[in-house]
Amino acid sequence: MQHTRIKDLLNASTFGQEVTVKAWVKTFRNNQFLALNDGSCLGNLQAVIDFTHTEEALLKRLNTGAAVLVRGPLVESLGKGQRVEVKVSHLEILGDSDPEKFPLQPKKHSLEFLREIAHLRFRTNTFNAIFKVRHTLAFAIHQFFNDRGFVYLHSPIITGSDAEGAGEMFRVTTLDLNNPPRLEDGSINYKEDFFARSTNLTVSGQLEGELAAMALGNIYTFGPTFRAENSNTTRHLAEFWMVEPEMAFYELKDNMDLAEDMLKYLIRYALEHCPDEIDFLKNRLLEEEKLKPQAERSELDLVSKLNFCLENNFERLTYTEAIEILRQSKPNQKKQFKYLIEGWGTDLQSEHERYLVEKHFKKPVILTDYPAEIKSFYMRQNEPDAQGRKTVGAMDILFPGIGEMVGGSQREERLDRLVGRMEELGIPAEEMDWFLDTRRFGTAPHSGFGLGFERLVLFVTGMTNIRDVIPFPRTPKNAEF
RNA sequence: UCCUGAGUAGCUCAGCCGGUUAGAGCAUCUGACUGUUAAUCAGAGGGUCGCUGGUUCGAGCCCAGCCUCAGGAGCCA
């Protein structure tokens, strides 16, 4: 049967026509006012029921969560608080919702509780808004790259390479775990496994992306990524989505320019296409901040924060410059950092990144040229500086409240340098032969980066826990639903 | 994995120094009211105090172990 989405009805400019609405009950007030939501927008449609001419048994079934059909003329609302309403002439229950058992009430629930009922949390305003924004950002990613002639590459989810060392991996196998085939020395015989070798879920599509970029020019991947790290934080998931562009003939600066353009494009796209959702999330955040002491409240509301991000250039500086700023910073002088900045060469701790981004520059920061020791083997080796310190052409983009949003680099395209570094780190070159072929045949400067999609969604929605911006979060000890 | 905190009604939380029958608001149920905006008013029902063990005349409260959750750290995106 034909029915109209509530979003269209709330925007309607003509009245009197009969409409049919199919939606879920949010609340039923005063035995006559039904607040309906069908997911098409955050707003509810008010349906007014003539309870004197409606069976009492039917009215009793208008419980929060029930699916209903209402039909009647769309009229200007007699009451305050809404512009339009439906005067119900026909009412049907499509699906009951037992009020004794339905866990959502017309009141504020904690995010922790909603996480436990992740299958139902879509029905709340907050998660309606979050997943609209998430969708919009995903769509905008494809739009951005497509407009610029990038090819969307599907890198494999099951990988055979275990040489990359970018974190703990999830094993993929069809072997009988209770009785696996073994070699004479007792080790497991993967020759008998499905792929006749040991396989894992991907931790990054970068290496495959590089192969494609060295032919197609500019590519990007956007898919699920898996890390079996025992991370219990508000910023990590065992299964998350990552965007990884890879560009032939791009040097580090081109790489940074693209990443900054992309982030601004995505934020602007969300602001333009989800104004209601972001406004709702902004107000939600303001409510939450009221509970905090003045000192801990943020200076900018969500919309201002996003706009501020668009209006300012990201601060670009090298690791070496950042160390100097941190060394002379107040918290370092006063020994307030848990990890004091003493010398050059160690990785920055969260507290240092937060100081740079949230206190010193107060905007997104791109850090470049990290010490080679603390970065991956594939990053391009810079010439040592006057003091003989070795760095690589890496770039990390740090965001306030999030930390590392993007991690990327110019890749080492010189075969001898790359193989040399792999030897130093004990990475077996034989297993990476296919990867090294790009450096053997027509090698060229190229660059790329990885964007943690959920971290972007966190920033744009103003949420603070990454488990609340993915439908069904996978974290250590939790893979429910 | 480490550090800190938490776990009491469907939800959010209170529960004093270890002491009789464990409380409140919301939700639910019953009734009243009927242009309400998380409707309102009156009444009622609702508990394995995370689990296991220990101390004690007596444990929601003290002790030990475990489980789960949250925040921070590490790892990273």
Side-chain angles (χ1 to χ4, degrees), chain A residues 26-35 43-52 59-60 63-65 75 77-82 85 87 97-117 120 124-125 165-168 202-206 222-244 259 291 337-339 347-354 374-376 396-399 402-408 449-459 464-470 475-478 480:
Chain A
K26 282 280 192 178
T27 62
F28 182 43
R29 284 187 296 268
N30 221 349
N31 219 17
Q32 51 184 331
F33 301 108
L34 201 51
N44 296 332
L45 176 73
Q46 175 156 291
V48 186
I49 294 165
D50 178 3
F51 63 92
T52 56
L59 293 174
K60 291 266 182 226
N63 300 309
T64 303
V75 299
S77 179
L78 298 175
K80 287 170 189 159
Q82 59 280 317
E85 62 191 24
K87 212 174 162 206
S97 175
D98 185 345
E100 300 262 21
K101 291 177 185 155
F102 188 62
L104 292 173
Q105 304 156 19
K107 70 165 220 173
K108 204 174 170 71
H109 287 99
S110 68
L111 292 169
E112 289 86 350
F113 173 64
L114 292 172
R115 224 170 276 151
E116 288 170 22
I117 50 164
L120 295 173
T124 65
N125 291 332
E168 293 296 310
T202 181
V203 293
S204 163
Q206 182 199 317
F222 183 14
T225 309
F226 307 89
R227 305 264 167 99
E229 302 285 352
N230 192 5
S231 295
N232 292 289
T233 79
T234 54
R235 315 178 293 286
H236 289 87
L237 292 165
E239 177 185 278
F240 64 101
W241 287 65
M242 190 153 63
V243 183
E244 294 182 286
L291 303 173
F337 281 143
K338 197 173 166 204
Y339 298 88
D347 210 350
L348 299 180
Q349 306 288 323
S350 298
E351 58 180 350
H352 305 139
E353 295 182 352
R354 271 210 308 276
I374 59 173
K375 287 291 182 181
S376 304
D396 284 1
I397 304 186
L398 310 176
F399 263 63
I402 309 285
E404 187 177 343
M405 177 84 81
V406 162
F449 61 83
L451 164 77
F453 182 59
E454 282 77 17
R455 291 187 180 177
L456 174 70
V457 182
L458 269 185
F459 184 72
T464 51
N465 191 319
I466 201 163
R467 296 161 205 149
D468 295 327
V469 299
I470 188 166
T475 52
K477 298 194 167 85
N478 181 20
E480 207 169 346

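What you see below is based on every heavy atom in this structure, not just the backbone, and it leaves out hydrogens, waters and symmetry mates. Computed from a prediction, not measured in an experiment: that's the story for all the values here.
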Within this structure, what is the [atom1]-[atom2] distance for the pair [X] and [Y], rounded to the nearest 0.5 Å?
| X | Y | atom1 | atom2 | answer |
| --- | --- | --- | --- | --- |
| A:L78 | A:Q46 | CG | CD | 9.5 Å |
| A:W241 | A:L451 | CH2 | CG | 13.5 Å |
| A:L120 | A:H109 | CG | NE2 | 10.5 Å |

Whole-angstrom distance between B:rG43 and B:rC3, as gauged at atom C1': 50 Å
Separation of the C1' atoms in B:rA59 and B:rG19, to the nearest angstrom: 10 Å
First of A:I374 and A:T464 reached from the 5' end of RNA chain B, by closest nucleotide: A:T464
side-chain hydrogen bond (donor to acceptor under 3.5 Å, both in side chains) between A:R235 and A:T233, intermediate numbers included: CA-CA 5 Å; A:R235 315 178 293 286; A:T233 79; 4.6 Å; no
Side-chain-base donor-acceptor pair under 3.5 Å for A:S231 and B:rC76: no
Presence of donor-acceptor pair under 3.5 Å, side chain of A:H236 and base of B:rC76: yes
RNA chain B base-pair string [pairs: Watson-Crick or G-U under 3.5 Å; |: paired with another strand]: (((((((..((((.....[...)))).(((((.......))))).....(((((..]....))))))))))))....
Residue pair A:R467 / A:T475: nearest heavy atoms and the distance that separates them: NE-CG2, 3.8 Å
Heavy-atom closest pair, residues A:H352 and A:Y339: NE2-O, 2.6 Å
Charged N-O contact under 4.0 Å between A:K375 and A:D347: no
Short side-chain N/O contact to [N] OP1/OP2 from [X], under 4.0 Å:
| X | N | value |
| --- | --- | --- |
| A:T233 | B:rA73 | no |
| A:S350 | B:rG72 | no |
| A:R235 | B:rA73 | yes |
| A:R467 | B:rG71 | yes |

Per-nucleotide protein contact string for nucleotides 24-45 of chain B, where B marks a base within reach and S marks sugar-phosphate only (heavy atoms under 4.0 Å, - for neither): -BBSSS----BBBBBB------
Distance, rounded to the nearest Å, where A:F449 contributes CZ and B:rC76 contributes C1': 17 Å
Protein-nucleotide distance (A:I397, atom CD1; B:rA77, atom C1'), rounded to Å: 12 Å
Touch class at under 4.0 angstrom, heavy-atom based, for A:N465 against every strand present: sugar-phosphate
Counterpart residues, side-chain contact (heavy atoms from CB on, under 4.5 Å), relative to A:K108 (two or more places apart): none
Close aromatic pair by centroid cut-off 6.0 Å: A:F453 and A:F240: no
